[in-house]
Amino acid sequence: MTDQNPQEYHIDEGMEVTLHFTLKLEDGTVVDSTRDKAPATFQVGDGNLPPGFEYPIKGMTTGESGTFEITPEHAFGQHNPQNVHRLKRDNFGEEPVELGTVMSFADPAGGELPGVISEIDGDMIDVDFNHPLAGRTLTFEVEVLDVKPATTH
């Protein structure tokens with residue numbers, strides 16, 4: 001005898017979803033996963049999950065799993081060369097600058113913007129402000145653990 005939940009909810013607007021996910025690159029490298037830690041809980045449409053990741057899981061219900069390919073347009077966008085800025089070495093003060101280092105920069109609004117050192121050319125340094133996963137097609141594996149109406153606090 002299986003114990004059926006009388007009300008089965010499906011992922012949609014206004015739902016709170018708890019799931020395990022694994023995010024992989026084209027070559028299978030795992031970028032992020034909840035498998036070895038607590039599952040992720042979010043409200044559909046709250047901005048925790050980019051819309052391109054919410055869309056394919058809509059309609060899924062507790063106990064379902066799926067694997068979805070997310071193109072750059074629906075994930076973190078295409079790599080934009082205009083987001084790479086060339087700065088003078090003087091702008092970095094005494095900080096050691098190495099290729100691949102992620103540094104925080106102040107954006108015009110006063111917030112923090114992460115940038116990756118992408119090239120060092122003498123006393124000029126290129127900083128890439130694109131999302132690290134921009135331009136990548138990602139594999140999004142999900143296992144839905146719970147779907148219920150979101151409670152407003």
Side-chain angles (χ1 to χ4, degrees), residues 1-85 87 92 95-119 126-153:
M1 174 125 179
T2 58
D3 186 26
Q4 284 292 318
N5 182 344
Q7 178 68 50
E8 193 172 82
Y9 294 106
H10 294 268
I11 298 176
D12 206 347
E13 296 298 322
M15 290 291 164
E16 183 181 282
V17 182
T18 301
L19 51 72
H20 269 304
F21 74 87
T22 302
L23 198 58
K24 297 178 178 175
L25 299 177
E26 299 94 326
D27 65 5
T29 304
V30 173
V31 180
D32 195 6
S33 179
T34 58
R35 286 280 169 202
D36 50 0
K37 48 187 188 262
T41 299
F42 66 95
Q43 191 172 330
V44 176
D46 68 1
N48 274 321
L49 215 54
F53 292 91
E54 283 186 353
Y55 176 74
I57 64 172
K58 278 204 171 149
M60 290 178 77
T61 189
T62 303
E64 287 191 316
S65 298
T67 300
F68 309 97
E69 192 171 273
I70 315 287
T71 59
E73 296 76 21
H74 294 108
F76 298 99
Q78 289 292 356
H79 187 272
N80 182 348
Q82 293 178 332
N83 288 342
V84 179
H85 296 277
L87 303 172
F92 295 86
E95 285 194 66
V97 178
E98 293 176 20
L99 280 177
T101 303
V102 178
M103 301 181 94
S104 235
F105 296 85
D107 68 16
E112 295 239 323
L113 192 62
V116 179
I117 307 301
S118 59
E119 190 175 335
D126 288 355
V127 182
D128 188 343
F129 290 102
N130 284 289
H131 188 284
L133 297 174
R136 306 299 292 262
T137 294
L138 304 169
T139 299
F140 184 48
E141 296 174 355
V142 294
E143 177 189 353
V144 182
L145 303 177
D146 191 31
V147 180
K148 62 185 183 207
T151 49
T152 51
H153 298 287

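As the structure is a computational prediction, the values presented were derived from the model and not from experiment.
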Donor-acceptor contact present, side-chain [X] to main-chain [Y], <3.5 Å:
X	Y	answer
T41	T18	no
S104	P114	no
T34	F21	yes
E54	G45	yes

Margin query: By the definition side chain to side chain contact (heavy atoms under 4.5 Å, CB included), identify the one residue from L87, V127, V102, D126 that meets it with I117.
Written below: V127

From [atom1] ([X]) to [atom2] ([Y]), nearest 0.5 Å:
X	Y	atom1	atom2	answer
E143	M60	CD	CE	9.5 Å
T29	R136	OG1	CZ	8.0 Å
Q43	E13	CD	CD	9.0 Å
S118	L99	OG	CG	8.0 Å
L145	T62	CG	OG1	8.0 Å

Note to self: Show me the pairs that pass side chain to side chain donor-acceptor pair (under 3.5 Å) and involve residues 73-85, at least two apart or across chains.
What the structure shows: T71-E73, T71-H74, E73-Q78, H79-D128, H79-N130, N83-N130

Item checked: For E98, all residues meeting salt bridge (Lys or Arg N to Asp or Glu O under 4.0 Å), sequence neighbours excluded -> none

Notebook entry, point to check: Taking only residues two or more places apart in sequence, or in another chain, which ones meet E69 in a salt bridge (Lys or Arg N to Asp or Glu O under 4.0 Å)?
Noted result: none

How close do [X] and [Y] get, counting heavy atoms only, and between which atoms?
X	Y	value
P72	T137	CD-OG1, 3.4 Å
F76	P50	CE2-CG, 4.2 Å
Y9	M15	CD2-CE, 3.6 Å

Next item on the list: Anything under 30° is parallel, anything over 60° is perpendicular, the rest tilted; go ahead and classify F140 against F53.
Entry: perpendicular

Next item on the list: Apply side-chain contact (heavy atoms from CB on, under 4.5 Å) to V17 and V44, showing your working.
Entry: CA-CA 7 Å; V17 182; V44 176; 3.8 Å; yes

Check: Looking at residues at least two apart in the chain, or sitting in another chain, which of them share a side chain to side chain contact (heavy atoms under 4.5 Å, CB included) with E141?
Finding: T22, K24, T67, T139

Margin query: Could you work out, with side chain to side chain donor-acceptor pair (under 3.5 Å) as the rule, every residue matching D32, not counting sequence neighbours?
Written below: none

Margin query: Under the rule for side chain to side chain donor-acceptor pair (under 3.5 Å), what residues qualify as partners of H131, not counting sequence neighbours?
Written below: none

Checklist line | side-chain contact (heavy atoms from CB on, under 4.5 Å) between V31 and L25, intermediate numbers included | finding: CA-CA 7 Å; V31 180; L25 299 177; 3.5 Å; yes

Notebook entry, point to check: Hey, is CZ on F105 packed in by over 12 heavy atoms from elsewhere, all under 6.0 Å?
Noted result: yes

Margin query: Before you tell me yes or no, could you show the steps for L19 and F42 under side-chain contact (heavy atoms from CB on, under 4.5 Å), namely the whole-Å CA-CA distance, both residues' side-chain angles and the distance that decides it to 0.1 Å?
Written below: CA-CA 9 Å; L19 51 72; F42 66 95; 3.9 Å; yes

